[in-house]
Amino acid sequence: MTLGELIFIFLLFVTFCGALTTVIARSLIYALVGLVATMFGIAGLYIYLNAPFIAMMQILIYVGAVAILIVFAIMLAGPFYKKPTEWSKVTKFLVSLIIALFTYLLFMRIILHSFLGGQDTAFMITTKDIGRSLFDKLTFPFELVSLLIVVSIIGALMLAIFSKDRK
Amino acid sequence: MTDMLLYNNLYIYLFVSLFLLCCGIGGLLFRRTLIGMLICLELIMNGAGLNLVAFNRFLAPQAPYGMVFTLFIMGIAAAEVAIALALIIVIFRRFKHIEAEELKELKE
């Protein structure tokens with residue numbers, strides 16, 4: 001077992017523990033910390049997949065933007081009223097656990113029986129290639145994503161402005 | 001020799017993304033507040049992005065389309081989070097709570 005494999009196992013451990021913390025933490029802030037740990041673990045996995053640009057974008061966008069947005073929302077809406085009860089019903093926890101395990105087993109069966117091969121091929125895609133294909137062949141989806149982001153920003157502003165004092 | 005390494009295996013990445021998907025589904029069903037459900041939705045989107053990059057690495061290593069669509073997923077997730085958090089803030093202002101089970105009507 002090499003050092004790379006040890007680091008890989010550590011990244012898997014961080015990802016799994018972060019995901020479990022995200023689901024079963026009692027407080028929303030702890031769930032968000034678990035989400036951030038998951039994102040860092042996935043960024044490490046992206047580096048192992050020879051995609052360092054995607055790893056950097058993962059940290060910048062998810063940890064830098066999305067997690068901060070969720071922190072703002074938790075601070076604006078979360079702890080000022082009665083404690084948000086996340087753990088109230090045992091039956092609900094059992095039902096969600098059963099559904100998640102069923103989904104896991106089903107997809108694991110599908111994955112194990114459908115894909116064979118495809119191991120360790122040569123992979124030489126750089127960030128330059130990503131930019132090339134993004135601006136040569138996939139220009140229209142790129143512009144559509146930018147339009148979507150603009151529309152969502154305007155929509156968020158509209159929601160914040162026009163629903164201020166209805167009461 | 002190199003295919004004996006643990007991180008050169010497609011199934012590891014598929015299992016990680018599958019685990020993230022199932023954690024997200026379980027959290028979506030289990031959480032009661034809207035922000036908690038949104039956090040679990042982010043888990044599902046992370047799993048989808050990891051899946052796309054892993055398929056691009058192992059099954060289609062000629063073109064970078066999987067990575068490009070992972071970037072698209074990140075952009076769409078950012079837009080979705082912005083809209084969803086604005087809606088959650090509006091809901092909190094009007095109803096004074098953000099628990100999903102109590103939101104039975106669109107208008108009071």
Side-chain angles (χ1 to χ4, degrees), chain A residues 5 8 12 15-16 19 22-23 28 31-32 35 38-39 42 45-46 48-51 54 57 61 65-66 69-70 73-74 76-77 81 84-86 92-93 96-97 99-100 103-104 107-108 111 118-121 123 125 129-130 133-134 138 141 145 148-149 152-153 155-156 159-160 163 166, chain B residues 2-3 5-10 13-14 16 18-23 25-27 29-33 35-36 38-40 42-43 46 50 53-54 57-59 61 63-65 67-68 70-72 74-79 81-83 85-90 92-94 96-99:
Chain A
E5 278 180 319
F8 185 74
L12 289 183
T15 309
F16 282 169
T22 306
V23 175
L28 277 181
L32 187 68
L35 183 70
T38 310
M39 286 163 182
I42 291 176
L45 294 186
Y46 282 156
Y48 271 100
L49 282 169
N50 289 336
I54 307 292
M57 282 299 114
I61 293 176
V66 171
L69 262 179
I70 296 175
I74 290 172
L76 282 173
Y81 61 113
T85 54
E86 298 276 356
K92 195 175 174 184
F93 176 69
S96 55
L97 192 68
I99 291 176
T103 314
Y104 190 81
F107 277 91
M108 196 167 72
I111 284 171
Q119 305 287 321
D120 194 26
T121 49
F123 190 72
I125 286 178
D129 295 333
I130 297 176
S133 72
L134 198 60
L138 296 172
V145 168
L148 177 75
I149 291 177
S152 76
I153 289 171
L159 281 175
S163 67
R166 198 63 60 86
Chain B
T2 54
D3 56 354
L5 288 177
L6 190 59
Y7 48 82
N8 275 332
N9 198 349
L10 175 62
Y13 300 99
L14 289 185
V16 173
L18 182 58
F19 185 77
L20 290 179
L21 169 72
C22 294
C23 276
I25 289 174
L29 294 170
F30 172 51
R31 290 279 176 192
R32 291 186 66 194
T33 59
I35 296 179
L38 188 69
I39 291 173
C40 294
E42 289 303 312
L43 273 186
N46 273 303
L50 182 65
V53 176
R57 163 76 175 80
F58 290 106
L59 294 184
Y65 291 134
M67 295 183 186
V68 171
T70 302
L71 287 178
F72 286 165
M74 286 178 190
I76 290 171
V81 164
I83 280 290
L85 290 180
L87 280 174
I88 286 170
I89 296 301
V90 169
F92 177 71
R93 269 189 201 148
R94 184 167 298 182
K96 300 300 171 194
H97 63 80
I98 49 170
E99 297 193 15

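Proteins come first, then strands; the chains are lettered A, B, ... in the order of their sequence lines, and each starts at number 1. This is a predicted model, so every value here is computed, not measured.
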| remark: Applying a strict 4.5 Å limit to non-hydrogen atoms, the region of A:T103 in contact with chain B is both
| Minimal non-hydrogen separation, B:F72 against A:L138, with atom names | CZ-O, 4.3 Å
| query | Based on non-hydrogen pairs under 4.5 Å, which of A:I125, A:L49, A:I153 is most in contact with chain B? | reply | A:L49
| message | Only pairs of heavy atoms separated by less than 4.5 Å count here; which of A:I130, A:L97, A:I61, A:I149 has the most with chain B? | response | A:I130
| task | Please work out which of the three classes, parallel, tilted or perpendicular, describes the rings of B:F19 and A:F16, given edges at 30° and 60°. | result | tilted
| remark: For B:L71 and A:M57 the tightest heavy-atom approach is CD2-CG, 3.7 Å
| query | Non-hydrogen atoms of chain A under 4.5 Å away: do they reach the side chain of B:I39, the backbone, both or neither? | reply | both
| query | Taking A:V145, A:T22, A:T15 one by one, which has the highest count of heavy-atom pairs under 4.5 Å against chain B? | reply | A:T22
| field | chain B contact via A:I70 - which portion, at a heavy-atom distance below 4.5 Å | value | both
| remark: Applying a strict 4.5 Å limit to non-hydrogen atoms, the region of B:I89 in contact with chain A is side chain
| Greatest number of heavy atom pairs closer than 4.5 Å to chain A - which of B:C40, B:P64, B:G27 | B:P64
| Hey, does A:I54 have a side-chain heavy atom less than 4.5 Å from the side chain of B:M74? | yes
| remark: Sorted by chain and residue number, the side chain to side chain contact (heavy atoms under 4.5 Å, CB included) partners of B:L29 (sequence neighbours excluded) come out as A:S96, A:I99, B:I25
| task | Provide the closest heavy-atom pair for B:L50 versus A:Y46 in the form atom of the first, atom of the second, distance. | result | N-OH, 3.2 Å
| message | Can you tell me how far apart CG (A:L28) and OG1 (B:T33) are? Round to the nearest 0.5 Å. | response | 4.0 Å
| request: Search all heavy atoms of B:R93 against all heavy atoms of A:A160 and return the closest pair with its distance. | output: NH1-O, 3.7 Å
| request: Calculate, to the nearest 0.5 Å, the distance between atoms CG and CD belonging to A:L32 and B:E42 respectively. | output: 10.0 Å
| query | Based on non-hydrogen pairs under 4.5 Å, which of B:I76, B:V81, B:T70, B:N46 is most in contact with chain A? | reply | B:N46
| field | Side chain to side chain, B:L20 and A:T38, heavy atoms closer than 4.5 Å | value | yes
| said: If I measure from the heavy atoms of chain A, does B:L85 come under 4.5 Å with its side chain, its backbone, both, or neither? | reply: side chain
| request: Could I get the full list of side chain to side chain contact (heavy atoms under 4.5 Å, CB included) partners for A:L12, not counting sequence neighbours? | output: A:F8, A:L45, B:I12, B:V16
| remark: Correct closest heavy-atom pair for A:A19 and B:C23 would be CB-SG, 3.8 Å
| task | Might you point out which heavy atoms bring B:V68 and A:S133 nearest each other, and give the distance in Å? | result | CG2-OG, 3.4 Å
